[in-house]
Amino acid sequence: MIETEAAPQNDFIREIIEDDLKTNKNNGRVATRFPPEPNGYPHIGHAKSVCLNFGIAAQYGGTCNLRMDDTDPSGESLEYVDSIINDVHWLGFDWQDRLFYASDYFEDLYRFAVQLIKLGKAYVCSLRADQIREYRGTLTEPGKESPFRNRSVEENLDLFTRMRAGEFADGVHVLRAKIDMSSPNITMRDPVIYRIKRSPHYRTGTQWVIYPMYDFAHCLSDSLEHITYSICTLEFENNRPLYDWIVAQLIPEPRPRQIEFARLNVTYTILSKRRLIELVENNHVNGWDDPRMPTIAGMRRRGYTPQAIRTFCAKIGVAKSDNLIDMSLLESCVRDDLNEQAPRAMAVLRPLRLVIDNYPEGRVEEFECANHPQNPDFGTRKVPFSRVLYIEADDFMEEPPRKYKRLGPGREVRLRNGYAIKYAGVVKDEKTGEITEIHCTYDPDTLHGAPADGRKIDGVIHWVSAAHSVKSEVRLYDRLFRIPNPVTQGDAFLEFLNPDSLEIITNCRVESSLKDAASGSRYQFERLGYFTADSVDSKPGNPVFNRIVPLRDSWAKVAAKG
RNA sequence: UGGGGUGUCGUCAAGCGGUAAGACACAGGCCUUUGGAGCCUGCAUUCGGAGGUUCGAAUCCUCCCGCCCCAGCCA
């Protein structure tokens with residue numbers, strides 16, 4: 001089952017749940033929710049929360065709701081709601097009919113606020129925003145009580161009703177919880193729970209001019225949905241006493257419990273929604289699903305599989321200490337999945353002409369090649385072979401360093417799926433001295449298996465028949481997210497946009513059997529890594545390939561060592 | 001200098017008083033018609049530091065240090 005397998009290691013949360021199960025706190029129910037604010041596309045950090053919340057629910061036979069936490073109309077939109085729905089589904093999770101919107105609770109929340117006023121636990125404060133800040137005190141000094149703190153219930157009710165009715169301009173009044181202005185926890189110093197904001201809401205339009213704040217709306221939304229565990233990130237730890245306070249005033253037991261975990265950080269990656277929005281709005285990238293983006297949509301386009309992302313989330317674990325996950329773990333997860341799922345093919349990115357001198361001109365053979373080296377279920381494909389081939393320019397070196405196993409003067413290598421060939425000569429451009437063509441001879445007895453005389457052939461290179469190959473477009477993203485650490489520095493954007501890291505290569509040749517590659521297909525091209533046919537830019541018959549997994553340049557390391 | 005968290009290998013992360021799991025990374029080897037697959041081996045005498053309790057401490061106690069979060073009418 002997808003949900004269970006995706007559950008990250010979450011021992012401290014499991015412990016809490018199992019204690020509750022023992023004491024039968026919630027009658028054995030486990031109910032979680034994934035509550036994004038629809039003000040951006042979900043990213044890999046959200047995936048961690050999605051896997052956690054749905055995973056926990058599945059582990060205990062419970063439920064997980066999807067809830068749009070849309071209490072601040074500015075920045076929220078239907079487009080983002082759609083992206084969340086789409087991406088969570090794509091990741092493999094199902095909330096069935098439990099899709100909710102905090103905005104659907106506006107009427108309930110309003111009534112809760114009225115109730116709080118009647119309890120004498122909330123008041124309308126008419127201080128200006130800057131005054132409220134001033135009265136709040138500082139980290140080390142207690143705050144001062146608002147002069148409006150002791151308004152009568154009747155006056156508060158009257159004012160709050162008129163706030164809703166639109167009688168006041170934005171900002172002239174707010175509703176505050178009456179808690180403790182001298183609390184060492186600043187969150188508890190009479191927090192604002194309702195504000196006037198004349199900003200049309202993407203769902204409720206202009207129906208409301210007052211909107212509940214997160215602290216008020218979230219815990220009560222959880223309560224309305226009978227959530228048992230409200231799992232959120234660490235920065236809300238200071239808000240937990242407020243969460244408990246509000247719920248204690250208005251909701252009978254059993255009440256939802258907030259549990260915090262550390263949010264995801266990945267090396268070289270920006271996961272701040274504010275910054276991602278900036279990248280999109282300033283056109284630094286081509287939208288939220290740009291393959292360079294750490295969004296689910298971007299990763300999907302780049303070729304990541306839901307499985308790989310789920311595995312990643314399961315492997316990183318869930319704890320309370322700040323973390324910075326090495327991107328190599330993410331890459332390892334895709335490689336692992338794709339190694340099993342991706343059919344193999346051959347491609348050449350930087351073509352170098354290779355002529356087999358002793359192979360008859362005009363002759364064409366077709367080799368039956370396995371689409372997967374380990375799994376015969378993938379079947380085979382026919383690959384044409386002829387006298388003139390293209391090989392990867394890197395696969396030939398005139399002065400090969402030690403340990404180089406590919407082609408060079410005097411050497412013999414195997415053409416993947418084909419014959420062993422032996423170096424015969426090289427042709428250079430007279431002016432530049434650049435190698436333009438390699439000449440080889442082939443050994444006809446080596447098509448299947450090693451040569452009869454027992455000589456060993458170490459190197460294997462891939463190739464494509466020049467006359468039969470098809471030209472396609474490949475986009476190389478050397479690493480998924482080319483953003484240097486520390487990501488908090490402003491110049492991160494410059495690096496992100498560095499054209500050197502976004503090289504686009506257009507003269508790639510892909511063997512003909514691939515020219516009908518369907519959109520969204522993933523291939524591992526021999527020795528080059530995993531590629532996906534880009535589902536947005538590719539056309540049938542001429543796919544555009546994104547390279548999705550960087551292969552470690554181990555050869556470069558060997559060469560560096562000498 | 002207030003409050004809330006958190007510190008175990010390069011990076012994550014188990015461990016809950018009985019003598020440091022696992023993963024990624026890294027290194028070496030074997031094997032292979034992708035060097036990037038597969039297999040094998042190595043990789044924390046020590047758990048932020050210093051004391052203490054105990055036969056025994058990463059785990060309990062004391063003090064100290066580092067890092068993160070909180071002063072939006074954001075979430």
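Throughout, protein chains are lettered first and strands after them, A, B, ... in sequence-line order, and every chain is numbered starting at 1.
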Return the value, rounded to whole Å, for the distance between atom CZ of A:Arg263 and atom P of B:C12.
16 Å

Here's a test of your reading of the structure: between A:Asn323 and A:Ala450, which maps to the more 5' nucleotide of RNA chain B?
A:Asn323

With a 4.0 Å cutoff (strictly under), does any side-chain N or O of A:Arg416 reach OP1 or OP2 of B:U33?
no

Closest of B:G5, B:U32, B:C16 to the A:Lys405 side chain is B:U32

If you measure from the C1' atom in B:C40 to the same atom in B:C31, how many Å do you get, rounded?
10 Å

Is B:A20 paired to anything, Watson-Crick or G-U wobble with both distances less than 3.5 Å, and if yes, which nucleotide?
none

Paired to B:G66 by Watson-Crick or G-U wobble criteria (both distances under 3.5 Å) is B:U6

So, A:Asn156 side chain and A:Arg151 main chain: donor-acceptor pair closer than 3.5 Å or not?
yes

Got a sec, which residues hit side chain to side chain contact (heavy atoms under 4.5 Å, CB included) with A:Glu145, two or more places apart in sequence or on another chain?
A:Arg149, A:Met181

OG (A:Ser103) and OH (A:Tyr202) are apart, to the nearest 0.5 Å, by 5.0 Å

Within this structure, what is the CZ-to-C1' distance between A:Phe261 and B:U6, rounded to whole angstrom?
16 Å

Can you tell me how far C1' in B:C63 sits from the matching atom in B:A44, rounded to whole Å?
26 Å

What is the distance, to the nearest angstrom, from the CG atom on A:Leu329 to the C1' atom on B:C26?
15 Å

For A:Gly449, answer base if it contacts any base atom (sugar-phosphate contacts may also be present), sugar-phosphate if it contacts only those atoms, and nothing otherwise; contact means non-hydrogen atoms under 4.0 Å.
base

Donor/acceptor link under 3.5 angstrom from A:Arg240 side chain onto base of B:G4:
no

From C-beta outward on A:Lys315, which listed nucleotide comes closest to its side chain: B:C68, B:A23, B:U11?
B:A23

Name the orientation of the base relative to the sugar in B:G72: syn if the glycosidic angle is within 90° of 0, else anti.
syn

What's the gap between B:C12 and B:U54 when it is taken at their P atoms, as a whole Å value?
37 Å

Pairing of A:Glu366 and A:Lys382 as salt bridge, 4.0 angstrom limit
no

Are the charged groups of A:Asp443 and A:Arg455 less than 4.0 angstrom apart, N to O?
yes

If you measure from the Lys or Arg side-chain nitrogens to the Asp or Glu carboxylate oxygens, is any gap between A:Arg406 and A:Glu392 under 4.0 Å?
no

Separation of the P atoms in B:G49 and B:C9, to the nearest angstrom
10 Å

Watson-Crick/G-U partner (both atom distances under 3.5 Å) of B:G35
none

Salt-bridged, A:Glu76 to A:Arg203, with N to O below 4.0 Å?
no

note: A:Leu234, atom CG; B:C69, atom P; distance rounded to Å ~ 10 Å

Charged N-O contact under 4.0 Å between A:Glu278 and A:Arg274:
yes

Under a 3.5 Å cut-off for both distances, is B:C26 Watson-Crick or wobble paired, and to whom?
B:G42

Output the rounded distance in Å from CZ (A:Phe312) to C1' (B:A25).
14 Å

Evaluate side chain to side chain donor-acceptor pair (under 3.5 Å) for A:Tyr135 paired with A:Asp190, printing each intermediate quantity in order.
CA-CA 10 Å; A:Tyr135 274 64; A:Asp190 287 11; over 6 Å; no

If you measure from the P atom in B:U41 to the same atom in B:C24, how many Å do you get, rounded?
14 Å

Taking CZ from A:Arg414 and P from B:G35, how many angstroms apart are they, rounded to a whole number?
12 Å

Presence of salt bridge, A:Glu225 and A:Arg67, under 4.0 angstrom:
yes

Selected nucleotide, minimal atom distance to A:Pro373 side chain, candidates B:U34, B:C68, B:U11
B:U34

B:U6 versus B:G10 - spacing of their P atoms, nearest Å:
23 Å

Can you tell me, in whole Å, how much space there is between the P of B:A13 and that of B:G48?
14 Å

Minimum-distance nucleotide to A:Ser332 side chain [options: B:U34, B:U6, B:C24]
B:C24

Could you give the CD-to-P distance, from A:Gln374 to B:U32, as a whole number of Å?
14 Å

Select one nucleotide: of B:A13, B:U1, B:G38, the one nearest the side-chain heavy atoms of A:Ser321.
B:A13

Would you kindly give the CD1-to-P distance between A:Ile391 and B:U34, to the nearest whole Å?
17 Å

Please measure how far the C1' atom in B:C55 lies from the corresponding atom in B:C69, and state the result in whole Å.
43 Å

Nearest to the side chain of A:Glu15 - B:C16, B:A25, B:C12?
B:C16

Pairing check on B:A57: which nucleotide meets the Watson-Crick or G-U wobble criteria with it, both distances under 3.5 Å?
none

With B for base contact, S for sugar-phosphate-only contact and - for none (protein heavy atoms under 4.0 Å), nucleotides 70-75 of chain B reads BBSBSB

